[in-house]
Amino acid sequence: MIAATKGLLRSVVFTILALGSTLVENHSLAETLATTHKLPESHQALPQGELLGDFNSLDPSKSPSENFDLLSWTLSLPTDLNKDLKADIIYEKALSDSFSLKPLFYTATDGGMVFACPNAGAKTSKNTKYARTELREMLRRGNTRIKTKGVTENNWVLNSAHGSVKRKAGAVEGSLEATLAVNRVSTTGDKNKVGRVIIGQIHATDDEPIRLYFRKLPGNDNGSIYFAHEINGGDDVWVNMVGSRSHTLENPEEGIALNEKFSYKITVKNDILFVTLIREGKQNLTKSYDMSKSGYNKNNQYMYFKAGVYNQNNSGSDKDYVQATFYHLENQH
């Protein structure tokens, strides 16, 4: 009995030490639980270390909409050409009609779709602190008879939403996948904001079930990938994938360099959020988060994907900016 008790104590001590080590390494409880959810088949089927998309089909002589299907997206720009004190929006049909606008949105010399956004620019709303050059998912695909906001055929909802809500929505859950390279991050301004850019999102009625970040600090060769899950009406839960969001982080050895292509796949399946990071020649990395108690299954909640560059630095030089080039982008429902 005494031996068994000592063995149990040793086990408890080992567990506490292991947990302490985990905390020291800046891993949250969410990260500890991130591998406990069963991967959906769409993530299981992803080849290890193979970037998503067919880059050979991209033509540098064509506009973004000729290389990518943009009819299910609108584009927010950090400009205010009509002087209405809001960021300009290019809607689906106009965006799909060979729209480009250098140096903010155009086709790169390798055929990729370039998004660039300065630190200072027009905002999409009074509540937004940062500028963006970013796509917003539009399931209506140009059918302007369908309202943009609300539980309509333009947006999607969780599987646990009420049946009447699911019938009104355009889809139930889904995935967003992209391949991109971050070409530049901000290098001036507030040390807590420098180098940050959001490259993918799920936006809900008011809050954001996921914001996927890339961050590279000025003194580092490599950048980090992490995401925030915002509780509906509550705080953010942070999950590290590679490196961390720290503004004092030393160069992450497994980090991602500027101009390095990588892929991500974001999926919501049965209220579970899955994020898979794919790098060429490396094992795929997946983290997950259970959203069932985050409040997004309420009757007034609707969702849509976003992709591009959402600059998370509103300080520093006016000439400072972020830029990323997308080589694959697909929303699936």
Side-chain angles (χ1 to χ4, degrees), residues 42-75 90 92 95-117 132-137 141 174-185 197-201 212-214 216 221-225 241-242 254-267 274-286 305-310 321-333:
S42 62
H43 283 244
Q44 292 183 41
L46 294 172
Q48 292 293 325
E50 294 185 19
L51 300 180
L52 303 176
D54 178 14
F55 312 149
N56 294 323
S57 64
L58 300 178
D59 186 341
S61 68
K62 294 183 177 180
S63 67
S65 66
E66 292 174 297
N67 283 320
F68 298 85
D69 179 6
L70 298 181
L71 190 56
S72 59
W73 303 93
T74 59
L75 177 68
I90 311 302
E92 306 101 291
L95 182 62
S96 295
D97 189 19
S98 303
F99 177 84
S100 65
L101 182 65
K102 282 189 173 183
L104 300 174
F105 180 75
Y106 60 97
T107 299
T109 56
D110 60 2
M113 179 167 52
V114 178
F115 298 80
C117 181
R132 71 187 82 198
T133 302
E134 188 181 39
L135 296 171
R136 189 267 202 217
E137 184 181 36
R141 291 182 66 82
S175 297
L176 172 68
E177 58 181 48
T179 296
L180 70 149
V182 177
N183 312 119
R184 192 185 192 281
V185 294
V197 58
I198 293 172
I199 53 175
Q201 293 191 70
L212 182 64
Y213 289 76
F214 176 91
K216 192 194 80 68
D221 294 327
N222 299 327
S224 301
I225 297 285
M241 299 198 72
V242 174
E254 294 299 316
I256 296 175
L258 294 181
N259 298 313
E260 177 185 344
K261 291 187 181 72
F262 62 95
S263 301
Y264 67 74
K265 187 178 180 76
I266 299 171
T267 296
F274 296 91
V275 184
T276 294
L277 176 65
I278 304 168
R279 302 176 66 183
E280 202 163 20
K282 297 187 177 183
Q283 290 291 308
N284 297 350
L285 173 63
T286 299
F305 289 117
K306 306 193 82 176
V309 291
Y310 184 12
Y321 67 99
V322 298
Q323 179 178 306
T325 303
F326 280 66
Y327 298 91
H328 171 69
L329 182 68
E330 185 176 353
N331 55 326
Q332 305 162 342
H333 295 281

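Side chains included, hydrogens not; waters and symmetry mates left out as well; all remaining heavy atoms used.
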Minimum side-chain heavy-atom gap [X]-[Y] below 4.5 Å:
X: Leu285; Y: Ile225; result: no
X: His328; Y: Glu177; result: yes
X: Phe305; Y: Leu135; result: no
X: Ile256; Y: Met241; result: no
X: Thr74; Y: Glu92; result: yes
X: Glu134; Y: Phe115; result: no
X: Leu176; Y: Leu329; result: yes

Do you know which two heavy atoms are closest between Ser42 and Lys265, and how far apart they sit?
OG-CE, 3.7 Å
Taking all non-hydrogen atoms of both residues into account, name the closest pair between Glu260 and Gly255 and its distance.
OE1-O, 4.2 Å
Using the side-chain contact (heavy atoms from CB on, under 4.5 Å) criterion, which residues pair with [X]? Sequence neighbours excluded.
X: Glu50; value: Pro47
X: Asn284; value: Leu46, Gln48, Thr276, Ile278
X: Lys216; value: Val185, Phe214, Leu258

Can you give each donor-acceptor pair under 3.5 Å made by side-chain atoms of residues 97-107, sequence neighbours left out, with the distance rounded to 0.1 Å?
{"unit_1": "Thr107", "atom_1": "OG1", "unit_2": "Lys62", "atom_2": "O", "d": "2.7"}

My understanding is that only residues two or more places apart in sequence, or in another chain, count here; which of them pass salt bridge (Lys or Arg N to Asp or Glu O under 4.0 Å) with Arg136?
none
With rounding to the nearest 0.5 Å, note down the distance linking CZ in Phe68 to CH2 in Trp73.
11.5 Å
Hydrogens and angles aside, do His43 and Thr286 bring a side-chain donor and acceptor to less than 3.5 Å of each other?
no
N/O donor-acceptor pair under 3.5 Å between [X] side chain and [Y] backbone:
X: Ser65; Y: Ser96; result: yes
X: Asn67; Y: Met113; result: no
X: Tyr327; Y: Leu51; result: no
X: Arg132; Y: Cys117; result: no

Would Arg279 pass as a cation-pi partner of Phe262, given that its NZ or CZ must be under 6.0 Å from the six-membered ring centre and within 45 degrees of the axis?
no
Run the side-chain donor-acceptor check on residues 53-60: report pairs under 3.5 Å with partners two or more places apart or on a different chain.
{"unit_1": "Asp54", "atom_1": "OD1", "unit_2": "Asn56", "atom_2": "N", "d": "3.2"}
{"unit_1": "Ser57", "atom_1": "OG", "unit_2": "Asp54", "atom_2": "O", "d": "2.9"}
{"unit_1": "Asp59", "atom_1": "OD1", "unit_2": "Ser61", "atom_2": "N", "d": "2.9"}
{"unit_1": "Asp59", "atom_1": "OD1", "unit_2": "Ser61", "atom_2": "OG", "d": "2.7"}
{"unit_1": "Asp59", "atom_1": "OD2", "unit_2": "Ser61", "atom_2": "OG", "d": "3.2"}

Could you walk me through whether Val309 and Tyr321 pass side chain to side chain contact (heavy atoms under 4.5 Å, CB included), step by step?
CA-CA 10 Å; Val309 291; Tyr321 67 99; over 6 Å; no
Would you say that more than 12 heavy atoms from the other residues, nucleotides or ligands in this model lie under 6.0 Å from the CD of Gln332, or not?
yes
